[in-house]
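One structure is given below, encoded as structure tokens.
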2 protein chains.
Amino acid sequence: MVGIKDVAETAGLSVATVSRVLNGHPSVSDGARERVLAATEALGYRPNVVARSLRTDRTGTIGLVISDVLNPYFTELARAVEEEARTLGYSVIIGNADERADLEDHHVRGLLERRIDGLLISPADGRSPMTLEAAAGPTPVVFVDRWIPGTDVPVVRSDGRGAIADLVDHLHALGHRGLAIITGPTATTTGRERVDAFRAGLAAHGLTLREEYVGRGDFQAESGRRATERFLDLPEPPDVVFATDNLMALGALDAIGARGLRVPDDVALAAFDDIPWFSHTDPPITTIAQPTAELGRVAVRALADLIAGSPATSTVLPAHLVVRRSCGEPDPEGATRE
Amino acid sequence: MVGIKDVAETAGLSVATVSRVLNGHPSVSDGARERVLAATEALGYRPNVVARSLRTDRTGTIGLVISDVLNPYFTELARAVEEEARTLGYSVIIGNADERADLEDHHVRGLLERRIDGLLISPADGRSPMTLEAAAGPTPVVFVDRWIPGTDVPVVRSDGRGAIADLVDHLHALGHRGLAIITGPTATTTGRERVDAFRAGLAAHGLTLREEYVGRGDFQAESGRRATERFLDLPEPPDVVFATDNLMALGALDAIGARGLRVPDDVALAAFDDIPWFSHTDPPITTIAQPTAELGRVAVRALADLIAGSPATSTVLPAHLVVRRSCGEPDPEGATRE
DNA sequence: TCCTATCATGTAAACGTTTCCATGGACCCA
DNA sequence: TGGGTCCATGGAAACGTTTACATGATAGGA
């Protein structure tokens, strides 16, 4: 591989000068600059980022560890993160934890060893030792979407409570009383928040969340299917199933369809996370939409601040209800309609 | 940051011995090994992969440049690639080209400068100079899904011709004669292959593909919508629209729904690329499914071979037709049914 | 008992950069 | 004309590893 040394040789200059040209250092003559650029061109020189990183202790890279790439929510998040990072001059390395603590560990460790400049994590739960270590260590860390209570890491997330209250109001207004929920892992902050808000919403209408109407899921499609099947097997099945992420909603749809039941006539369905496909399902699904891309952008900027040495602030953005047809005819004066 | 030197000091050994322990070199005494491990533990030592890579000229990383992370097809591909790479001891850095040659260039250049051990590319077209340079250069490269004719880079892809012929047969058997297609960029190999196979399929039934029934898309949803709108504006709209990827099918669905038309009664719809959502759309969509995950795994193994110095072989895997309801009632003896 | 092979360990070079410091020349001002 | 400043350039150290080579010790075979 051709290095800076070869360039220096053909340009008839020292490596120091070549380096200066390559880094836009002001103190270099036009003649030298020209000769260096000509040499790099002629030799097809390509800088060795590895060597540069070793010397400068900066990799120009940030890590992003998410729970599940296959989940369209995280895909969109990842895309926004990469885009914003690129405009700020950073590359992004994505680690897919697949909702597994061991994989989360694996990726966080790998990224730290790679000496990324900063780390964006959506922690599965508080039980990944490496994540905790990273949160406490010297590398800048920002949590996105989910967070770990008790750490003093900045968090960029959306608050679904208001939207969930709106959802319960909506369901109540449509006459539904038997409300069931498929939760995520209760170890995740988002998992807990969503079921808590749901329960609070019911309480506001004088209803309580029946124990058998709580299905424990793991944010993956298969768990949504199983939970829904259990609901439908109950002597008194619920009127509505609220899946707390889009994949579990997909599983629920599967389970309902497999029994030949219709949404919303036989059972209504609502989901957390809005994705394009939800306007094309049969029927279109009422959802709670997060400002996903904005979340990603804000998180990157917070991380960049942290890397630059300034303190980063946590951000909470609101989610909102998107009423479609999967819970019955929309109430006349409701939230956003599609 | 604590380095191998600090570990050596606290262990009372030389850096060479520490390095040997860390790399599992056989020639090291049990006592030394123990002391080193104790020291790493005590100091919280974390190896510096950057320095290691500089010395060994191996990064343990492969690059993956795809056209669009938001496309579920590529998401699934990326996930499979990461999984297989991980079992082989590699990390993956994903670059999202967003169907833009300049972004493809940007990512390929960045990955080469990062000195990745090998590169997996799904090239948008043959017009990215960096991709061509990479293909000709010393870094091992494998093309996946799409490829660039004229290069001698191994290719791992699926062949959709047979399945497209099956699709045309299926449509013909259902009585459809006005067949329209939304193509991808004709600069991509997959884009060309799909329209060619479609035209050939029609020819086999004595039909020709009318010029106004060819919509030029770009593999993104919006282009599918626009192409479909143009089809529907024709004095004689087509009976069937075949979208050559899943996002354009989503756009088509949008356009059809926006006019209050029904699938398949008013216009039938079929798509290339099968994704879970297609069984939940209204109606479920007839598609051509690729062995996406397998494609990713095979590509990684081919690349690993190349990196190891062995010649890699190209692979072509077959796609197959999945009949659902979006083209009308399935013919009694058809392809795979769902 | 001596020679040799084997083994555990250490020393130091090398990987490709960036950057501190030194050097010499040109220029400016008095 | 002399002294000082600034600028372009080069030499060399440093970043944290791995590894070739050297060394001393230990053991095994004759």
Side-chain angles (χ1 to χ4, degrees), chain A residues 1-37 39-40 43-61 89 109-117 138-139, chain B residues 1-37 39-40 43-61 89 109-117 138-139:
Chain A
M1 261 283 166
V2 29
I4 210 179
K5 214 166 161 179
D6 308 289
V7 175
E9 208 163 313
T10 44
L13 290 162
S14 75
V15 291
T17 306
V18 174
S19 174
R20 276 189 276 260
V21 171
L22 264 29
N23 292 294
H25 191 286
S27 193
V28 49
S29 71
D30 290 348
R33 194 185 321 277
E34 253 171 55
R35 270 148 65 207
V36 167
L37 293 179
T40 56
L43 299 179
Y45 169 75
R46 203 162 302 293
N48 186 330
V49 186
V50 175
R52 173 180 311 179
S53 297
L54 177 60
R55 180 56 229 245
T56 59
D57 204 35
R58 289 189 6 108
T59 51
T61 302
R109 172 176 298 111
L111 290 167
L112 289 181
E113 292 183 351
R114 255 196 188 69
R115 297 299 197 265
I116 43 146
D117 296 340
T139 305
Chain B
M1 261 285 165
V2 29
I4 210 179
K5 215 166 162 179
D6 308 289
V7 175
E9 206 163 312
T10 45
L13 290 163
S14 75
V15 292
T17 306
V18 174
S19 174
R20 275 189 277 257
V21 171
L22 265 27
N23 292 295
H25 192 285
S27 193
V28 49
S29 71
D30 290 347
R33 194 185 322 277
E34 255 170 54
R35 272 149 63 208
V36 167
L37 293 179
T40 55
L43 299 180
Y45 169 76
R46 204 161 303 294
N48 186 329
V49 185
V50 175
R52 175 181 312 185
S53 297
L54 177 60
R55 178 57 227 245
T56 60
D57 205 34
R58 289 191 5 109
T59 53
T61 303
R109 173 177 297 109
L111 290 167
L112 289 180
E113 293 183 350
R114 257 196 186 64
R115 296 301 197 265
I116 43 146
D117 296 340
T139 305

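Numbers restart at 1 for each chain; the letters A, B, ... are given by sequence-line order, proteins then strands.
- Put simply, the side chain of Arg20(A) and the base of dG10(D) share a donor and an acceptor less than 3.5 Å apart.
- Checked by distance alone, Arg55(A) brings a side-chain donor or acceptor within 3.5 Å of a matching partner on the base of dT18(C).
- Each of Leu13(A), Ile4(A), Thr10(A) was scored for a side-chain contact (heavy atoms from CB on, under 4.5 Å) with Val36(A), with one residue passing: Leu13(A).
- Among dT17(D), dG11(D), dG16(D), the nucleotide with an atom closest to any side-chain atom of Ser14(A) is dG11(D).
- Rounded to whole Å, atom P of dT19(D) lies 12 Å from atom CG of Leu54(B).
- One can place NZ of Lys5(B) at 15 Å from P of dG10(C), the figure rounded to the nearest angstrom.
- Looking at heavy-atom distances under 4.0 Å, Asp57(A) makes no contact with the nucleic acid at all.
- When distances run from any side-chain atom of Val15(A) to the nucleotides dT18(C), dG10(C), dG16(D), the shortest one goes to dT18(C).
- For the pair Asn23(A) and dT18(C), the criterion of a side-chain N or O lying under 4.0 Å from OP1 or OP2 is met.
- Residue-level contact check: Leu13(A) touches the backbone only, with heavy atoms under 4.0 Å from sugar-phosphate atoms and none from bases.
- To the nearest 0.5 Å, the span separating NZ on Lys5(B) from OH on Tyr45(B) amounts to 13.0 Å.
- Side-chain nitrogen and oxygen atoms of Thr17(A) include at least one within less than 4.0 Å of the OP1 or OP2 phosphate oxygen of dG10(D).
- In terms of modelled atom types and a separation under 3.5 Å, the side chain of Arg35(A) and the main chain of Ala11(A) share a donor-acceptor contact.
- Distances shown here put a side-chain N or O of Ser19(A) below 4.0 Å from the OP1 or OP2 atom of dT18(C).
- Between the CZ atom of Arg52(A) and the C1' atom of dC15(C) there is a distance of 16 Å, given to the nearest Å.
- Protein atom CZ of Arg46(B) is 21 Å distant from nucleotide atom P of dC15(D), rounded to whole Å.
- In this structure, the side chain of Arg115(A) does not engage the main chain of Thr59(A) through any donor-acceptor pair within 3.5 Å.
- Across the protein-nucleic acid pair, Arg58(B) atom CZ and dT19(D) atom P stand 10 Å apart, rounded to whole Å.
- Close to dT9(C), at under 4.0 Å from its OP1 or OP2, lies a side-chain N or O of Ser29(B).
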Check: Would Thr61(A) and Arg114(B) satisfy side chain to side chain contact (heavy atoms under 4.5 Å, CB included), going step by step from the backbone distance to the final call?
Finding: CA-CA 11 Å; Thr61(A) 302; Arg114(B) 257 196 186 64; 2.5 Å; yes
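- Rounded to whole Å, the distance from CG on Leu43(B) to P on dG16(D) is 14 Å.
- Among the protein residues, Ser27(A) comes within range of the nucleic acid bases, having at least one heavy atom under 4.0 Å from a base atom.
- We find that NE2 of His25(A) is positioned 15 Å from C1' of dT17(C), with the value rounded to whole Å.
- As a whole-Å value, the separation of Met1(B) CE from dA14(D) C1' is 18 Å.
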